[in-house]
Amino acid sequence: MRARVLVKPKAGILDPQGQAVERALPALGFTGVRNVHVGRLIELDVEDPDRLPEMCERLLTNPLIEDYEIVETEPVTS
Amino acid sequence: MRARVLVKPKAGILDPQGQAVERALPALGFTGVRNVHVGRLIELDVEDPDRLPEMCERLLTNPLIEDYEIVETEPVTS
Amino acid sequence: MRFGVIRFPGSCDEVDAQLACQRFGEAVILWHRDRDLKGVDAVVVPGGFSYGDYLRVGAIARFAPVMEEVAEFAAAGGIVLGICNGFQVLCEAGLLPGALLPNTSLRFIFRQVELEIVSVDSPFTGAGESGQRLSIPVKHTTGRYYAPDAELARLEAADQVLLRYAPGENPNGSLNDIAGVCNEARNVFGLMPHPEHAVDPLTGPTGGLRIFESIRAHIADRTGAPA
Amino acid sequence: MAAAGAAATPGGSPIARTSDGIGVSRYRELGLTDHEYDLIVSHLGREPGDTELAMLSLMWSEHCAYKHSKKLLRRLPTEGRHVLMGPGENAGVVDVGGGLGVAFKVESHNHPSAVEPFQGAATGVGGILRDVFAVGARPIAVLDSLRFGEVATSQRSRYLLDRAVGGIGHYGNSIGVPTVGGEIYFESSYEQNCLVNAMCLGLAPHDRLIRAAAAGPGNVLVLLGALTGRDGIGGASVLASAELGEGDEAKRPSVQIGDPFAEKKLMECCLELLDSELLVSLQDLGAAGLTSSSSEMAAKGGVGLDIDCARVPLREAGMEPFEIMVSESQERMLCVVEPARVDAVIAVCERWETLATPIGEVNDSGRLRILSGGDVVADLPVEILVDDCPLYDLEPAEPVGVDMYAPAPAVLRGDEPPAATLLALLGSANLASRLPVFEQYDPVVQSRTVRRPDDADAAVLALPTGEAIAVSIDGNGRRVACDPRRGAAEAVYECAANLACVGAEPLGLTNCLNFGNPEKPHVAWQLTEAVDGITEACHALEVPVVGGNVSLYNEAPTGPIFPTPVIGMVGRLPDPARAGRLAFAQEGDAIALVGGFEPSSRGSELAKLRGEAVAGPLPECDPAAVREAHRTVRVMVNSGALHSAHDIAEGGIAVALAECCVAGGIGATVTLPNGLDPFAEAPGRAFIVSGPQSALTGLQIIGRVGGEALVIGDALDIAVAELHRTRRGGLAKLLQ
Ligand SMILES: Nc1ncnc2c1ncn2[C@@H]1O[C@H](COP(=O)(O)OP(=O)(O)O)[C@@H](O)[C@H]1O
Ligand SMILES: [Mg+2]
């Protein structure tokens, strides 16, 4: 299975990257954008999807500062 | 609307982060993982979703080296 | 005394740490794949970019075989000092509380900063005085110390914050100006500034000497050897 | 396996210049002229095959063959008593005593940085590091020389600056090599062609130095490091687009991504291989990838090589032989190993988690033969790749009666009081504090940095011998544009002056010649004059050129860049503890002016701010006087008598004094010699030194250190705090 792990900063933790994006957008003429957060995307093929949560807890994320979500996705064609 | 922008390295572009994760996993006992790629996740509230592609091209991603995908998501409750 | 400095692939400041330690004793390099701490009295987890800092700083290095030994050594009361990337690794490994997040500037920053010793009740600051100022450089992109509110309150109450950036000197947005914290047992210490780059008057201020002196004095006390 | 005879074209599909003209458009697209193609055919006695043409077109490109600059470069003096390796090797090496050599080189990565500034600059650093460890030296310092359009008005230039600096820091910081110096100028001529030049220094015991010459028939060619992918810009991208059909997007060559972690392992691995004496020779892979590195190794050793490109480990499936041969994937090295040592080499590489793959063999055929599985896809005499490309004579012509460059828009009228003029200069993008840039670089890793940026005019690095080396990088395109010969000579003098300020005697220099299109007579003239200017200054100071790089065709539709020779110079000083500093240090110290000095406002920063013409001539220079001034300062610094030394460069003596005050946080009161214009320039000739009065006897005393303001006669009186604020904010405010 091809899976995506979406990792984002935990709510309440200062996210300067999100803020930087939010500040930069109006200058380029993009208004009406709020609550920007920047996190990480990890895509991978796993043989045993049941082990994904454990992988996330142990390596892919730091649960103290990040939340994550696992999403199934299309296999890559190659 | 709350949207997610999933940004990942373009196919064929060197992805050292993905390689590093792929090499680290077996040592932790996670086998059968392949084609790992690491990218970025950007979440934001936009008033005018039609402008998202333009935002992606101009600020959120580097079109030379990254591909992106826009996904609609649940509004944050807060 | 004998220091051991770990070398991960991507470590950069391990030779610097070794040179600094050699002013105070013997210092050997410990290879990341070896499960052998070579009988050292103190372990230094040095600065640099272990495993490229890919994925998340310190995330991959904490799983190196040598880190299992370091965890055991620490559990048995061994002295462990984590500098910069080493601090990040120790947090990731759960040997120290909290985490390091990207600087609020989002940029790498090199700066000679003023630090204040908060607590002298530790093997790492014992030779200093409370409130004493040390000039030591920082150089990092991910040095903003973070711990959840309750944890932070607990750390402060337990006197685990050993070093703070002096007022106005916080280079990265660390909570409570925290520059370095120790664990509850006070034998594991991590800090973002680089004391190993502040030991030689030829190359700059020497605020880092206090840290290494403290470790030597502590070990000498413990083993009854002359400092 | 079929042995290809001289007349058979390997790899099939010979490019016949037949009726349909496909062959013609093909080689032209690859940048070869009809004449060059004819030469290839006549040398080869047949048409080249596909892979061969790809390889030849890159090896015959300006970048690899130096076809418009090679003849000119022969004028540069390359010999000196300290030279261990001169031009022709991956980096030049000078002897620094105690059995140690310092290798150094500067190289451009201008075009990739214009396309993707972060990765372009990062891979520029990666590339120059490889050149240095390719000769067996451990990289110990990086410097950068950057040029962008006017940051005050160009958003794009601010972006390029921000990202290029980020990329340089990312690579240097991550790999553990300190970035100890650099320079940055902003001029509109660089708006479309930014310059990103990176210099690296390395340290090696003499017996670890290694050349790139392949040797020993039967020896094995081993590829080290990263997987090979479709990475490449310039040559390779042209090639690949010629090969691909429409809509074949995924196959297009891509921007090179730097992986400093991979390079760190590769570097440690190569140094360990050399320490263990496991290698016969070593070479980095740079432009034109395997093609250039293998053919140069073969040429230098006078041998032949067989390479099986099917053995090259790939990052992407389905790569064609020509793609493999021209790929510019980063973080790779090529070495020659005796067969009995291959296993030992692979074991060291495993320890450093670095891939090592035997891909070929040395023989005595004098030919580079590329196999793919069982097929011969290229079979070329080595000399056709390396030596046979025609070298062109330049046709220089001095432009007369026309100014080649428009003046910058005036921001000063010219009637401002001196105080306002000084503040305008200190706050201008070209003179303001570079702190916002260099605080993104780690200057101290490796524990030998004795003088960091802003401490002194040159960086100083302690050596294990107890002595030290100093390094500086310089080049003022505006002044070279005004007067190419004197402007280029000045860059050499200024570098040497920077070294004198810390007490160092020059050992050698490297240079990067960044110019426009050399086929245009006025650019050819700039280039010729500049090389002559460098040559003159080298003779005057007895400093040899030990290496360098050339970057041509830096042109936009609006015209060429300012001619920008960048000079990097390395020197030696006996006692690092006495290395000079630029800051005024002690209340009551005397201030002296050292050096003959007849500056002019032509080509000065003030002339720029006033919108004056970019035109010469620059002041004449008396080489003997320059040498004497440098020697005086150097000797005094080394004696420990001085508290500060600073050369007078951009912005004239007023700016130099202000810099000494700001660095020391202390004022000064000065009376200028009669008739000396405080803002006029003649870089490289004169110095401001300070110290106890008794130490400065015999010098021209012009004032005293002390107070909280800089006072110059009755011309100006400005608080040091204000000088500091203005200088600090000039660039910082543009980078927010
Ligand atoms: N401007 C120059 N001055 C002196 N030597 C130069 C100059 N430009 C190039 N060289 C020398 O020519 C050789 C080839 O340069 P280059 O192609 O940049 O080398 P590499 O492929 O190792 O990066 C090198 O030895 C270099 O030092
Ligand atoms: Mg080279």
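These values consider heavy atoms only, across backbone and side chains, with no hydrogens, waters or symmetry-generated copies. Protein chains get the first letters and strands the later ones, always in sequence-line order, with residue 1 at the start of each.
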Practice problem: Considering only heavy atoms and a distance below 4.5 Å, find which of A:Ile42, A:Asp15, A:Val7, A:Ile65 pairs most often with chain C. | Solution: A:Ile65

Self-check item: Option in C:Asn103, C:Leu106, C:Leu175 with maximal non-hydrogen atom pairs under 4.5 Å from chain A
Solution: C:Leu106

Quiz item: Going by residue number, which parts of residues 56-77 of chain C are within reach of chain A, meaning a heavy-atom gap below 4.5 Å?
Solution: C:Arg56, C:Ala59, C:Ile60, C:Arg62, C:Phe63

Exercise. Might you point out which heavy atoms bring C:Pro102 and A:Pro16 nearest each other, and give the distance in Å?
Key: O-CG, 4.3 Å

Practice problem: State the CD-OG1 distance between A:Gln19 and C:Thr104, to the nearest 0.5 angstrom. | Solution: 9.0 Å

Practice problem: Measure distances from C:Glu92 to the heavy atoms of chain A and classify the residue's part below 4.5 Å as side chain, backbone, both or neither. | Solution: side chain

Practice problem: Can you measure from CG (A:Leu14) to OH (C:Tyr146) and round to the nearest 0.5 angstrom? | Solution: 10.5 Å

Quiz prompt | Contact residues of residues 54-62 of chain A (partner chain C; heavy-atom separation under 4.5 angstrom) | solution = A:Arg58, A:Leu59, A:Leu60, A:Thr61, A:Asn62

Practice problem: Answer yes or no: is there a side-chain heavy-atom contact under 4.5 Å between C:Pro148 and A:Lys10? | Solution: no

